[in-house]
Enquirer: 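Questions regarding the structure given below will be posed in turn.
Protein chains get the first letters and strands the later ones, always in sequence-line order, with residue 1 at the start of each. What you see is a predicted model; the values in this text were computed from it and never measured.
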Amino acid sequence: MHVGHLRSTVLGDAIARLSERMGHTVKRQSHVGDWGLPIAMVVQKLVELEDSGESTETITLDTLNAHYKAAQAECKGELVALKTIKKYGSHPKALVECELRVENAGENMERAKSRLVALQSGDGRSVKVWQRIYDITMTECLATCARLHTKITDEHSAGESTYREELAPLVQDLVDRKIAREDDGALVIDVEGIKAPCLIRKRDGGFLYATTDLAAIKRRVSKLGGDRLVYCVDARQGLHFKQVFGAAQKAGYDKKPDGSVAQLEHAAFGMVMGDNGKPFATRSGESAKLSDLLDEAVTRADAAVAEKNPDMPVSERKPIAEAVAMAAIKYTDLSTERIKDYVFSFDRMLAFEGDTGPYLLYALVRIQSIFRKAEAAGIDANAAMSAPFILEDPAEKSLALTLLKYPRTLASTTEASEPSRLCAYSYELASGFSSFFDKCPVLRNDDPASQASRLRLCDLTRRVLSDALETLGIPTVERM
RNA sequence: GCCCCGAUAGCUCAGCUGGAUAGAGCAGCGGACUUCUAAUCCGCAGGUCGAAGGUUCGAAUCCUUCUCGGGGUGCCA
């Protein structure tokens with residue numbers, strides 16, 4: 001996984017958690033890209049290596065990555081360079097050399113495409129190599145998802161490959177019912193209101209991602225009983241989803257057995273950009289590994305925890321650093337409006353002060369601390385849980401009003417699939433508590449009625465804030 | 001060409017179905033720790049809400065046009 005996968009993972013998990021929190025039955029369907037041309041390129045590469053006598057049995061994630069990059073380079077070659085040269089001109093010798101490479105790349109690409117067709121038609125050797133690639137990458141992927149404190153597991157993944165047996169019958173169905181038509185050798189579906197038709201089968205017989213997405217809608221509605229299908233995918237695929245949703249509606253794949261119609265929604269999100277204004281990449285132009293970002297975050301968080309708590313044993317510090325780091329990264333990603341692009345910055349991602357994930361954690365930690373101190377002082381906090389509220393100080397009034405807004409916020413956040421709203425609410429709540437904490441002594445309070453009221457307010461804040469964080473998928477800590 | 005999206009304080013961003021003096025964080029300046037965790041709090045300063053029209057009692061929010069930026073645009077995903 002690279003940095004580009006952060007948003008779909010974090011946002012998608014949060015959107016699913018929101019619906020779960022609202023009491024809906026949620027069927028997560030991680031649409032893993034495990035069945036397209038890119039993976040066919042790697043399969044082809046490994047098959048060629050085997051043919052030349054190299055063993056691919058001992059392949060690791062790193063070597064696989066290298067093969068992937070090599071395959072990409074070989075297939076796409078200097079296509080871009082050639083275009084540039086043609087446009088701006090260059091020495092004839094350079095042009096010839098470049099053309100030669102592109103020619104090779106063209107041949108490599110053709111082989112990869114044939115390999116995709118072989119894979120899609122169930123060729124034994126292709127599938128065997130593919131399976132090895134799949135196992136290695138999915139293991140890494142799920143480990144990263146777990147580290148990111150998401151609920152994404154193996155059983156939630158329904159990758160493109162799981163539709164492999166459903167594509168041919170689906171296309172046949174669309175042809176039989178005359179929903180699809182042939183055009184220039186390919187098979188397309190016209191969608192009302194969109195000029196570009198939806199392409200579902202290539203001239204060479206290969207299927208495309210729209211084909212898979214149609215199969216997915218059909219399965220999700222008829223088999224899984226979905227009545228609201230939310231697609232948390234990059235905004236650049238907006239047209240694609242318009243086409244696929246339109247085609248699905250035309251084919252009636254959005255109709256449930258009981259006749260009701262499923263809602264199809266694209267919860268689009270913006271890109272993570274580099275400071276050059278292009279999609280984020282490392283200096284060498286490669287996509288940055290997500291695990292490297294997480295490691296960097298933990299290193300920084302660990303230093304911060306150590307600085308604030310010099311006496312804390314390492315065994316306690318490490319898990320706190322891990323949680324603080326994930327909270328920082330996830331909050332950054334969740335708190336900006338989905339549709340907007342943002343510029344990637346370590347400093348921004350890993351800021352631990354102000355409107356950040358750690359700030360929310362800190363508020364929670366301070367509340368926990370009050371209850372620990374209360375217990376140590378022999379104050380019965382449980383007795384305060386039914387105490388009447390006495391809201392006199394502006395800070396406690398304001399906090400109480402914020403608490404009351406929680407149900408509405410949760411509902412509107414879920415409805416809009418917009419986790420940033422719940423983030424803004426969480427910040428408002430944490431901020432309200434911080435002011436309250438500063439102005440309204442809880443334990444150092446001579447008035448028992450006021451103390452009981454404030455303890456109850458603390459408890460309520462703790463419950464709402466941890467519920468909000470849990471719903472966003474942000475981990476919490478007892479101390480930090 | 002056509003389609004989609006964005007533009008709010010020096011920087012990063014909130015502002016949900018139109019509602020009172022447009023709010024935070026960062027950066028800057030000034031305060032607050034012998035006190036429930038200062039990863040905090042309080043104050044100051046900072047904005048013709050990209051531009052122009054329009055609808056409305058009322059517009060950052062809705063409509064139109066334009067400017068700038070980004071993205072997409074049948075045989076990749």
Enquirer: Under 4.0 Å between a side-chain nitrogen and a carboxylate oxygen: does that hold for A/R300 and A/D347?
Expert: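 Result for this pair is yes, salt bridge flagged.
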
Enquirer: Near RNA chain B, counting only heavy atoms under 4.0 Å, which residues of residues 472-480 of chain A show up?
Expert: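 By residue number: A/R479, A/M480.
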
Enquirer: Once you round it to whole Å, what is the distance between P of B/C5 and CZ of A/F241?
Expert: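 Going from A/F241 (CZ) to B/C5 (P), I get 16 Å.
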
Enquirer: Establish, yes or no, whether a centroid distance under 6.0 Å links the rings of A/F207 and A/Y163.
Expert: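 No, the ring of A/F207 stays outside the 6.0 Å limit from the ring of A/Y163, centre to centre.
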
Enquirer: Please report, rounded to the nearest Å, how far the P atom of B/A39 is from the CZ atom of A/R300.
Expert: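 To the nearest whole Å, that distance equals 19 Å.
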
Enquirer: So with a 6.0 Å cut-off around CG of A/D447, is the heavy-atom count from everything else above 12?
Expert: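 For A/D447, atom CG is crowded (more than 12 foreign heavy atoms under 6.0 Å).
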
Enquirer: Under 6.0 Å between ring centres: does that hold for A/F433 and A/F436?
Expert: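 Between A/F433 and A/F436, the centre distance is under 6.0 Å.
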
Enquirer: Once rounded to the nearest 0.5 Å, what's the spacing between atom CD of A/Q29 and atom NE2 of A/H156?
Expert: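 Rounded to the nearest 0.5 Å, the CD-NE2 separation comes out at 9.0 Å.
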
Enquirer: What does A/Y359 touch in the nucleic acid at a heavy-atom separation under 4.0 angstrom: a base, only the sugar-phosphate, or nothing?
Expert: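 Sugar-phosphate, backbone atoms only, no base.
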
Enquirer: Hydrogens and angles aside, do A/S434 and A/Y359 bring a side-chain donor and acceptor to less than 3.5 Å of each other?
Expert: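 Yes - a donor-acceptor pair under 3.5 Å links their side chains.
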
Enquirer: Where the side chain of A/Y362 is defined as all heavy atoms beyond and including C-beta, which of B/A38, B/U35, B/A7 is the nearest nucleotide?
Expert: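 Ranking B/A38, B/U35, B/A7 by closest atom to the A/Y362 side chain puts B/A38 first.
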
Enquirer: Which of parallel (below 30°), tilted (30 to 60°) and perpendicular (above 60°) describes A/Y209 and A/H240?
Expert: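 Parallel: the ring planes of A/Y209 and A/H240 meet at under 30°.
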
Enquirer: Nearest-Å distance, CG (A/N445) to C1' (B/U35)?
Expert: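 Rounding to the nearest Å, CG of A/N445 and C1' of B/U35 are 13 Å apart.
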
Enquirer: CG of A/L443 versus P of B/C36: gap in Å, rounded?
Expert: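 In whole Å, B/C36 P lies 9 Å from A/L443 CG.
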
Enquirer: For a quick check under 3.5 Å, do A/T144 and A/E140 share a side-chain donor-acceptor pair by atom type?
Expert: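 The criterion, which ignores hydrogens and geometry beyond distance, is satisfied for A/E140 and A/T144.
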
Enquirer: A side-chain contact here means heavy atoms from C-beta on lying under 4.5 Å apart; do A/L6 and A/I329 qualify?
Expert: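 A side-chain contact under 4.5 Å exists here.
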
Enquirer: Please write out each protein N/O paired with an N/O of nucleotides 42-44 of chain B under 3.5 Å, distance rounded to 0.1 Å.
Expert:
from: B/C42; atom 1: OP1; to: A/S435; atom 2: OG; distance (Å): 2.9

Enquirer: Rounding to an integer number of angstrom, what distance separates B/C66 and B/C29 when you compare their C1' atoms?
Expert: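 41 Å, rounded to whole Å.
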
Enquirer: State, to 0.1 Å, how close A/I200 and A/T211 come at their nearest heavy-atom pair, and which atoms those are.
Expert: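 Residues A/I200 and A/T211, closest heavy atoms: O-OG1, 2.6 Å.
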
Enquirer: Between A/T409 and A/R421, is there a side-chain donor-acceptor contact under 3.5 Å, judged purely by atom types and distance?
Expert: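 The criterion, which ignores hydrogens and geometry beyond distance, is not satisfied for A/T409 and A/R421.
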
Enquirer: With rounding to whole Å, what would you report as the distance between B/U55 and B/U12 at their P atoms?
Expert: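 Per the computed distance, 36 Å lies between those P atoms.
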
Enquirer: Is a side-chain donor-acceptor pair under 3.5 Å present for A/R338 with A/S420?
Expert: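 No - no donor-acceptor pair under 3.5 Å links their side chains.
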
Enquirer: B/C33: syn or anti, with syn meaning chi within 90° of zero?
Expert: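 You should classify B/C33 as syn.
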
Enquirer: Taking only heavy atoms on the protein side, list every residue of residues 302-321 of chain A lying under 4.0 Å from any atom of RNA chain B, sorted numerically.
Expert: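 Contacts with RNA chain B under 4.0 Å: A/V305, A/K308.
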
Enquirer: Within the 4.0 Å heavy-atom criterion, would you say A/E418 contacts the bases, only the backbone, or no part of the nucleic acid?
Expert: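 Nothing, no heavy atom under 4.0 Å.
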
Enquirer: Taking only the P atom of each, what is the distance from B/G28 to B/A22 in whole angstrom?
Expert: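 It comes out at 27 Å once rounded to the nearest Å.
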
Enquirer: Just by distance, do the side chain of A/D184 and the backbone of A/A186 share a donor-acceptor pair under 3.5 Å?
Expert: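 Side chain of A/D184 to backbone of A/A186, a donor-acceptor pair under 3.5 Å: no, none is there.
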
Enquirer: Please state the P separation for the pair B/C42 and B/A24 - nearest whole angstrom.
Expert: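 The answer is 10 Å between these two P atoms.
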
Enquirer: Rounded to whole Å, how long is the line connecting atom CZ of A/R444 with atom P of B/C33?
Expert: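 In whole Å, B/C33 P and A/R444 CZ are 13 Å from each other.
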
Enquirer: Between A/L361 (CG) and B/A39 (P), how many Å, whole number?
Expert: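 A/L361 atom CG is separated from B/A39 atom P by 14 Å.
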
Enquirer: Using a 4.5 Å cut-off on heavy atoms from C-beta on, say whether the side chain of A/T356 contacts that of A/L350.
Expert: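 Counting from C-beta outward, A/L350 and A/T356 never come under 4.5 Å.
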
Enquirer: Could you check whether the rings of A/F346 and A/F344 sit parallel, tilted or perpendicular, using 30° and 60° as the cut-offs?
Expert: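 Correct class here is perpendicular.
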
Enquirer: Crowded around A/R164 CZ? As in, over 12 foreign heavy atoms under 6.0 Å?
Expert: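 Yes - once you tally the heavy atoms of other residues, nucleotides and ligands closer than 6.0 Å, there are more than 12.
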
Enquirer: Can you confirm whether A/E392 sits close enough to A/K397 that some side-chain heavy atom of one is under 4.5 Å from a side-chain heavy atom of the other?
Expert: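 Answer no - side chains too far apart.
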
Enquirer: Within this structure, what is the CG-to-C1' distance between A/D234 and B/C5, rounded to whole angstrom?
Expert: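 So the CG-C1' distance, A/D234 to B/C5, works out to 12 Å.
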
Enquirer: How does protein reach along nucleotides 16-29 of chain B, written 5' to 3' as B (base within reach of a heavy atom under 4.0 Å), S (only sugar-phosphate), or - (no contact)?
Expert: B-------SSS---

Enquirer: Taking atom types as modelled, find out whether A/D213 and A/Y231 have a side-chain donor-acceptor pair closer than 3.5 angstrom.
Expert: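 There is no such pair between these side chains.
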
Enquirer: Could you check A/T336 against A/A430 and say which one's nearest nucleotide on RNA chain B is further toward the 5' end?
Expert: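 Nearest-nucleotide comparison on RNA chain B picks A/T336.
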
Enquirer: Minimum heavy-atom separation for A/K340 and A/R7, please, with both atom names.
Expert: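 So the two residues come closest at O-NH1, 3.2 Å.
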
Enquirer: With rounding to whole Å, what would you report as the distance between B/G69 and B/U48 at their P atoms?
Expert: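 Between the two P atoms, the distance is 23 Å.
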
Enquirer: If the sugar-phosphate is the primed atoms plus P, OP1 and OP2 and the base is the rest, what is the B/S/- string for nucleotides 68-77 of chain B, using protein heavy atoms under 4.0 Å?
Expert: --SSSSBBSB

Enquirer: Rounded to the nearest Å, what distance is computed from the CZ atom of residue A/F346 to the C1' atom of nucleotide B/U12?
Expert: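 About 18 Å, once rounded to whole Å.
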
Enquirer: How far, in whole Å, is B/U64 from B/C5 if one measures between their P atoms?
Expert: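 My reading of the P atoms in B/C5 and B/U64 gives 11 Å.
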
Enquirer: P atom, B/A52 versus B/U67: distance in rounded Å?
Expert: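 The answer is 15 Å between these two P atoms.
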
Enquirer: Using atom P of each nucleotide, how far apart are B/A77 and B/C4 to the nearest Å?
Expert: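 Their P atoms lie roughly 25 Å apart.
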
Enquirer: Is any side-chain N or O of A/R348 under 3.5 Å from a base N or O of B/U12, one able to act as donor and the other as acceptor?
Expert: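 No pair found.
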
Enquirer: Check this for me, if you would: do A/D459 and A/R456 make a salt bridge, where the nitrogen-to-carboxylate-oxygen distance has to be below 4.0 angstrom?
Expert: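 Salt bridge between A/D459 and A/R456, a charged N being under 4.0 Å from a carboxylate O: no.
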
Enquirer: What does the 5'-to-3' dot-bracket notation of RNA chain B look like when only Watson-Crick and G-U wobble pairs under 3.5 Å count, and pairs to other strands show as |?
Expert: (((((((..((((.....[...)))).(((((.......))))).....(((((..]....))))))))))))....

